[in-house]
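Whatever order the structure lists ligands and atoms in, that order sets their numbers, starting from 1. Everything numeric in this text was worked out from a predicted model, so none of it was measured.
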Amino acid sequence: MPPVATIDSREHADMDPRVREVISWFERNARDLPWRHADCSPWGILVSEVMLQQTPVVRVEPVWRRWMERWPTPAALAAGTQTDAVRAWDRLGYPRRAQRLWQCATALVERHDGEVPRDHDDLLALPGIGDYTASAIRAFAFGERSVVLDTNIRRVIGRAWHATALPATHLTRTEREAAAELVPASSHDAVQWNAGSMELGALVCTARAPRCGECPLRDDCAWVAAGSLGLDEAPRRTQAWHGTDRQVRGRIVGLLRAADAPVAIAANPTLDDVSPEQLGRCAESLVADGLVRACGDGTYEL
Ligand code: SF4
């Protein structure tokens with residue numbers, strides 16, 4: 001089960017009551033996810049954080065389980081090839097993350113004896129690990145007090161504290177400082193707050209259809225008090241997916257992943273709706289990223 005424990009209200013009388021509500025709600029409602037188990041290694045948590053960067057939990061969980069069974073340590077993954085990692089990435093999307101995870105495993109072996117470091121700067125220096133992921137690893141793998149600001153947490157704080165329907169595209173220093181002030185003083189409560197507000201944003205305070213009637217903050221939510229305005233008018237940020245270079249790149253990688261030999265992508269019937277120009281551009285960018293090899297005569301392989 002997730003590492004949750006009851007907070008002691010006597011020790012945390014100065015905690016924002018809404019923060020305490022979120023932690024209590026999390027104790028009752030946390031999903032039982034394998035990377036939340038007490039015996040999950042820092043490596044397992046790092047892998048989950050990279051997979052979850054742009055992919056929902058429901059798609060990540062089966063791939064994560066297979067991944068950890070095959071590569072339970074950074075050394076195990078580093079002993080394989082980048083192509084193995086890209087193949088095992090399955091349909092999680094953004095396959096550069098698989099490439100970076102393999103590079104990260106290699107760096108962990110070379111620089112840290114195959115262990116995940118807990119120092120923020122050491123984490124940031126690893127391939128594929130940005131500020132958010134480093135903070136999340138410190139919190140969830142090592143129980144450190146840190147400011148974790150993913151899109152779910154930003155949305156919950158924005159609504160409940162600042163009556164903002166949706167967070168701004170870019171995180172500002174002001175927003176970060178305001179969020180930092182909410183993080184409880186004790187490491188344990190800080191971790192629970194980070195995990196709990198993330199879970200609340202994922203399950204209840206969702207982007208387009210918040211279920212305020214089920215929310216522990218409904219009586220104290222600034223956005224609800226202000227009339228729940230601004231959601232219908234807010235522009236949808238989701239980019240049309242079909243036909244984008246990103247989608248075509250994913251289709252090419254999917255095609256090569258399933259093949260045992262180099263594939264002539266320009267002649268492949270599953271890609272005949274893509275213009276030759278876009279196909280060439282996407283194939284070249286995959287080669288430039290080191291995800292795909294050009295084998296000559298218009299054929300490619302992972
Ligand atoms: S009351 Fe509604 S808008 Fe406010 S935090 Fe809860 S789900 Fe989000």
Side-chain angles (χ1 to χ4, degrees), residues 2-9 12-33 36 49 52-61 132 135-136 139-140 145-186 188-238:
V4 292
T6 306
I7 58 170
D8 184 339
S9 58
H12 305 287
D14 56 346
M15 194 190 295
D16 185 308
R18 285 168 288 186
V19 170
R20 191 182 299 131
E21 284 295 337
V22 171
I23 294 175
S24 297
W25 174 87
F26 184 59
E27 290 168 5
R28 299 189 304 274
N29 294 282
R31 285 173 291 181
D32 181 15
L33 301 173
R36 287 182 176 160
E49 287 297 336
L52 289 165
Q53 279 168 5
Q54 279 130 331
T55 312
V57 164
V58 66
R59 284 170 54 202
V60 163
E61 188 172 350
Y132 162 75
S135 299
F140 304 134
R145 181 179 184 276
S146 65
V147 183
V148 181
L149 277 177
D150 81 335
T151 182
N152 287 320
I153 297 178
R154 292 181 66 208
R155 190 168 56 250
V156 169
I157 294 175
R159 286 178 181 164
W161 274 265
H162 306 294
T164 307
L166 291 169
T169 308
H170 299 294
L171 180 65
T172 63
R173 177 186 286 202
T174 307
E175 184 185 348
R176 169 175 278 282
E177 288 173 354
E181 287 183 12
L182 295 178
V183 179
S186 92
H188 173 266
D189 291 344
V191 171
Q192 296 300 86
W193 156 248
N194 285 324
S197 52
M198 195 180 291
E199 191 82 331
L200 189 67
L203 299 182
V204 178
C205 192
T206 56
R208 289 287 154 191
R211 297 201 294 273
C212 302
E214 301 169 26
C215 181
L217 303 180
R218 61 187 173 277
D219 294 334
D220 299 306
C221 176
W223 185 66
V224 170
S228 307
L229 301 174
L231 206 51
D232 293 338
E233 307 85 59
R236 290 184 181 270
R237 294 211 192 97
T238 47

I'd like to know if Glu199 pairs up with Arg36 as an ion pair, taking the criterion as any Lys NZ or Arg NE/NH1/NH2 lying under 4.0 Å from an Asp or Glu carboxylate oxygen.
yes
Quick check against the 3.5 Å criterion: does Arg159 have a side-chain atom that pairs as donor or acceptor with the backbone of Cys221?
no
Once rounded to the nearest 0.5 Å, what's the spacing between atom CD1 of Ile153 and atom OH of Tyr132?
6.5 Å
Distances under 2.8 Å only: what protein N/O/S atoms are near atom 8 (Fe) of ligand 1, ordered by chain and residue?
Cys205 SG
CG of Leu231 to CG of Leu166, rounded to nearest 0.5 Å, is 5.5 Å
Taking the side chain from Ser146 and the backbone from Ser135, do they hold a donor-acceptor pair closer than 3.5 Å?
yes
For the CG atom of Asn194 and the CG atom of Leu149, what is their distance to the nearest 0.5 Å?
8.0 Å
